[in-house]
Structure formats: structure tokens, C-alpha cells
Q: 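Before I ask anything, here is the structure I am working with.
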There are 2 protein chains.
Amino acid sequence: MEIHDSLGYLLNTSARMIKRKMDACLEKYTITTSQWAVLKLLDTKEVLTQAQVAEGLRGDRATMGSVIQRLQEKKLIDKVLDTKDRRAYLVCLTPVAKEMIKDIEKMAQDVFAEALKGFEESDIEVLYRSIRRIIANLSEEENV
Amino acid sequence: MEIHDSLGYLLNTSARMIKRKMDACLEKYTITTSQWAVLKLLDTKEVLTQAQVAEGLRGDRATMGSVIQRLQEKKLIDKVLDTKDRRAYLVCLTPVAKEMIKDIEKMAQDVFAEALKGFEESDIEVLYRSIRRIIANLSEEENV
DNA sequence: GTAGAATAGTAAGCATACATATTATACGTA
DNA sequence: TACGTATAATATGTATGCTTACTATTCTAC
């Protein structure tokens with residue numbers, strides 16, 4: 001099978017292209033797409049431990065730790081030691097970050113709209129359902 | 001919008017999960033998923049310059065250069081200076097790599113089969129067509 | 001023929017992404 | 001109460017992935 005026909009190549013390439021476009025748009029806010037994902041998760045969940053952030057974004061704790069560290073350096077999140085579990089830090093957004101997220105939200109939608117230009121509504125529905133199914137399939141096997 | 005509902009998150013996460021699974025399977029061959037993609041491309045095209053490899057996999061020349069270097073160190077590809085264009089190298093597979101690719105091909109199919117377990121044939125068709133359309137949409141805007 | 005633009009490959013810097021290992025802390029059980 | 005197992009965070013090493021910049025070479029237009 002041609003590499004260009006493989007599911008891995010198609011998913012990886014489309015993901016990289018969206019990330020590239022998002023990174024370019026996010027540059028003016030001095031954050032990256034991965035950092036944006038962490039901010040978005042905390043916007044919904046308010047307070048999480050680093051382990052929960054990693055789990056929430058299906059990333060590894062070491063990587064998420066360093067993404068969180070950079071966000072902390074940029075004063076976009078705060079992390080404080082959990083008094084109930086002294087191993088853990090509680091992570092939340094700063095007011096600056098909350099303000100910023102409002103501005104970025106629309107821009108992110110525009111990137112996805114561009115990616116999905118000309119799509120049938122029904123195809124969009126199948127696409128999203130399919131990708132979620134792939135994630136579920138690969139999570140399932142992991143837990144065996 | 002929830003981060004988990006965003007197209008970027010869905011594509012990125014599914015791509016990373018497939019890559020993770022592929023990397024685990026490829027470990028016994030001592031190569032990575034990105035290296036495998038280069039080998040697969042050269043298996044089809046026989047001889048390419050590094051710039052063509054980068055273009056063929058929609059990557060940047062610096063990154064592809066270092067992936068190719070590592071494959072050369074592993075004796076899986078050869079690169080020779082192009083006598084017609086002394087800027088360029090011609091890259092091709094070694095016999096060892098060609099033998100290896102046969103073994104890996106089936107394993108790669110198994111990973112995709114696992115990802116697509118339980119899918120309707122029609123949904124698979126919509127999924128592939130949709131992702132190709134996303135790639136085309138994002139390529140188009142790049143070339144404006 | 002020459003100058004300017006473009007290309008091929010690499011260097012350097014920064015940001016993930018992943019795996020493995022270590023330290024400190026928490027939890028459950030005998 | 002002590003011990004073994006599990007967890008949270010970080011350290012380290014390796015491999016991308018991307019951007020910018022540089023050098024050598026090629027190509028095109030005048």
C-alpha cells in the first residue's frame with residue numbers, strides 16, 4: 001500500500017497541517033497549539049492536577065509537565081501544592097489567560113472552518129464519529 | 001467549544017495514538033514511524049532527492065534531513081551526490097531495508113485494522129475522503 | 001557573461017512527544 | 001504499625017517537527 005493511502009499518514013499529515021496553521025495564528029498570543037489545548041482544558045475544568053491534565057489530553061505526564069511549566073513562566077497558569085496530597089499540584093488559569101481565551105476561541109473556529117470548507121453536514125458528522133471511534137478502539141486495546 | 005470536540009484535538013490525538021502503537025510494533029526493527037514513512041516512500045519511488053522526500057511526506061527539509069541521516073546510520077538507505085546537480089543527494093533503499101519492508105507491511109496493516117475495527121465500509125470511505133479533503137483544503141490556502 | 005533569485009542541504013534554537021528511572025508521598029492490608 | 005504497591009512530579013535521553021539562517025550550487029533574465 002502507498003504511504004499516502006495509509007490511515008496513519010492521512011491522520012498524521014492532516015493533524016500536522018492544522019497544528020501548523022494554528023501555531024501561525026497563535027504566534028501573536030505567544031503560545032503554541034499544545035499550550036492552547038492545556039488552557040482550553042483548564043477553562044472547562046477550572047482546577048486539575050498535572051496528572052489529570054495529562055490524562056485529559058491523552059498525553060504523558062513528563063511532556064505535560066513541561067508544557068505546564070512554560071505556561072506558568074508566561075503567567076498564564078498558576079500551580080499550587082495540593083494540601084490534601086503533597087505529591088500533587090493544583091493547576092488553574094490566571095485572569096490574563098481567561099481574557100485571552102475569549103479572543104483565541106473565534107480564531108480557532110476559523111481554522112477548523114477552513115479545514116472543513118465545502119463539506120456536507122452529514123460527512124462532517126461521519127468524520128467526527130469515525131475519529132472518535134478510532135480513539136476509542138485504540139484506547140480499548142491499551143487497557144487489555 | 002470543549003477541547004475534546006475540536007477537530008484539531010481529534011485528529012492530533014488519533015494520529016498520536018496510531019503513532020504510539022506503530023512505534024511500539026516497529027521497535028523490534030529498531031526504526032520509528034517517521035523513519036518507516038520515509039522507507040515506504042522510497043519503496044514506491046525508488047530514488048528521490050532529500051527535498052523530494054520532504055515534499056512527498058509534507059515535511060520540512062531540515063527534519064527530513066535528520067530522519068534520513070539516522071536511516072543512513074542504520075544502513076537502511078544510501079545517499080549519493082547527484083552528478084547532475086551538485087547541491088542534491090539521491091536517496092534510495094538498501095537491500096536490507098527492502099527485505100525488512102515486506103515484514104513490516106503486514107504489521108502496519110494490523111494496526112490500521114485495529115483502529116478501524118467495527119467500521120462500516122461506507123464510513124471508512126467517507127473518513128478517508130474527508131481527511132484527504134482536509135489536507136487539500138489546507139494545502140490550497142497555503143498556496144495562495 | 002553576470003547578477004539576482006531560487007533551490008538543496010545543513011546548523012541552531014525551541015517545543016513537543018515518548019519511554020524509563022528516580023524521589024517523595026499516599027494508600028491498603030496484614 | 002510496618003510494608004508493599006501505586007501515584008505525582010520531575011529528570012534524562014532520544015526522536016521528531018518547525019522556523020530561521022547560512023553556504024554552495026543552479027537557473028533565469030538582461
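First the proteins, then the strands, lettered A, B, ... as listed; each starts at 1.
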Q: In whole angstroms, how far is the C1' atom of C:dA17 from the NZ atom of A:K19?
A: 10 Å

Q: Between B:K79 and B:Q69, is any side-chain donor less than 3.5 angstrom from a side-chain acceptor?
A: no

Q: Quick one: salt bridge (charged side-chain N to carboxylate O under 4.0 Å, His left out) partners of A:D5, sequence neighbours excluded?
A: B:R132

Q: Among Ile, Leu, Val, Met, Phe, Trp and Tyr joined by side-chain contacts under 4.5 Å, find the other residues sharing a cluster with B:V47 and list them by chain and number.
A: B:V80, B:L90

Q: Return the minimal non-hydrogen interatomic distance between A:A97 and A:L39, and the atom names on each side.
A: CB-CD2, 4.5 Å

Q: Is it true that B:D82 and B:R86 make a salt bridge, defined as a side-chain N closer than 4.0 Å to a carboxylate O?
A: no

Q: At a heavy-atom distance below 4.0 Å, what parts of residues 76-85 of chain B sit against DNA chain D?
A: B:D85

Q: What are the residues of residues 64-71 of chain B, sorted by number, that bring a heavy atom to within less than 4.0 Å of DNA chain D?
A: B:V67, B:R70

Q: Assess the side chains of A:D123 and B:S130: does a donor N or O sit below 3.5 Å from an acceptor N or O?
A: no

Q: Rounded off to whole Å, could you give me the NZ-to-C1' distance for the B:K21 and C:dA19 pair?
A: 16 Å

Q: Starting at the 5' end of DNA chain D, which residue's closest nucleotide do you reach first, B:K74 or B:A62?
A: B:K74

Q: Please check if A:L116 and B:V126 belong to a single hydrophobic cluster, counting links between Ile, Leu, Val, Met, Phe, Trp and Tyr side chain heavy atoms closer than 4.5 Å.
A: no

Q: What are the bounds, 5' to 3', of the part of DNA chain D that sits under 4.0 Å from heavy atoms of chain B?
A: D:dA15 to D:dT26

Q: Have a look at B:A88 and say if it touches a base, only the backbone sugar-phosphate, or nothing, with a 4.0 Å heavy-atom cut-off.
A: sugar-phosphate

Q: Give the angle between the helix axes at the two ends of the helix from C:dG1-D:dC30 to C:dA30-D:dT1, taking five base pairs at each end and rounding to 10°.
A: 20°

Q: Measure CZ/A:R87 against P/C:dA24 and give the value in whole Å, please.
A: 14 Å

Q: Using a 4.0 Å heavy-atom cut-off, does B:T63 contact any base of the nucleic acid, only the sugar-phosphate backbone, or nothing at all?
A: base

Q: Below 4.0 angstrom, which residues in residues 34-57 of chain B have at least one non-hydrogen atom near DNA chain D?
A: B:S34, B:Q35

Q: Between A:D23 (CG) and C:dC14 (P), how many Å, whole number?
A: 16 Å

Q: Could you pull out all residues at least two apart from A:E105 that satisfy side chain to side chain contact (heavy atoms under 4.5 Å, CB included)?
A: A:W36, A:K40, A:Q109

Q: What closest approach, in Å, do A:A115 and A:I18 show between heavy atoms, and which atom pair accounts for it?
A: CB-CD1, 4.2 Å

Q: Scan for ring pair (Phe, Tyr, Trp, His ring centres under 6.0 Å) pairs involving residues 71-122 of chain A, sequence neighbours excluded, and state none if there are none.
A: none

Q: Determine the contact category for A:R86: base if any of its heavy atoms lies under 4.0 Å from a base atom, sugar-phosphate if only primed atoms, P, OP1 or OP2 are that close, otherwise nothing.
A: sugar-phosphate

Q: Going by atom types only, do B:K45 and B:Q52 share a side-chain donor-acceptor pair under 3.5 Å?
A: no

Q: side-chain hydrogen bond (donor to acceptor under 3.5 Å, both in side chains) between B:T33 and B:D23: does it pass, once the steps are laid out?
A: CA-CA 6 Å; B:T33 306; B:D23 279 343; 2.6 Å; yes

Q: Which other residues end up in the same hydrophobic cluster as A:M1, if Ile, Leu, Val, Met, Phe, Trp and Tyr are linked when side-chain heavy atoms come under 4.5 Å apart?
A: none

Q: In whole Å, what is the span from the CG atom of B:D60 to the C1' atom of C:dC14?
A: 13 Å

Q: Any donor-acceptor pair under 3.5 Å linking the side-chain atoms of A:R58 with those of A:S139?
A: yes

Q: Among C:dA17, C:dA11, C:dA8, which nucleotide has an atom closest to any side-chain atom of B:R16?
A: C:dA17

Q: Return each pair, listed once, that meets ring pair (Phe, Tyr, Trp, His ring centres under 6.0 Å) where at least one residue sits in residues 2-21 of chain B; pairs must be two or more places apart or across chains.
A: B:H4-B:Y9

Q: By side chain to side chain contact (heavy atoms under 4.5 Å, CB included), which residues pair with B:E121, not counting sequence neighbours?
A: B:I124

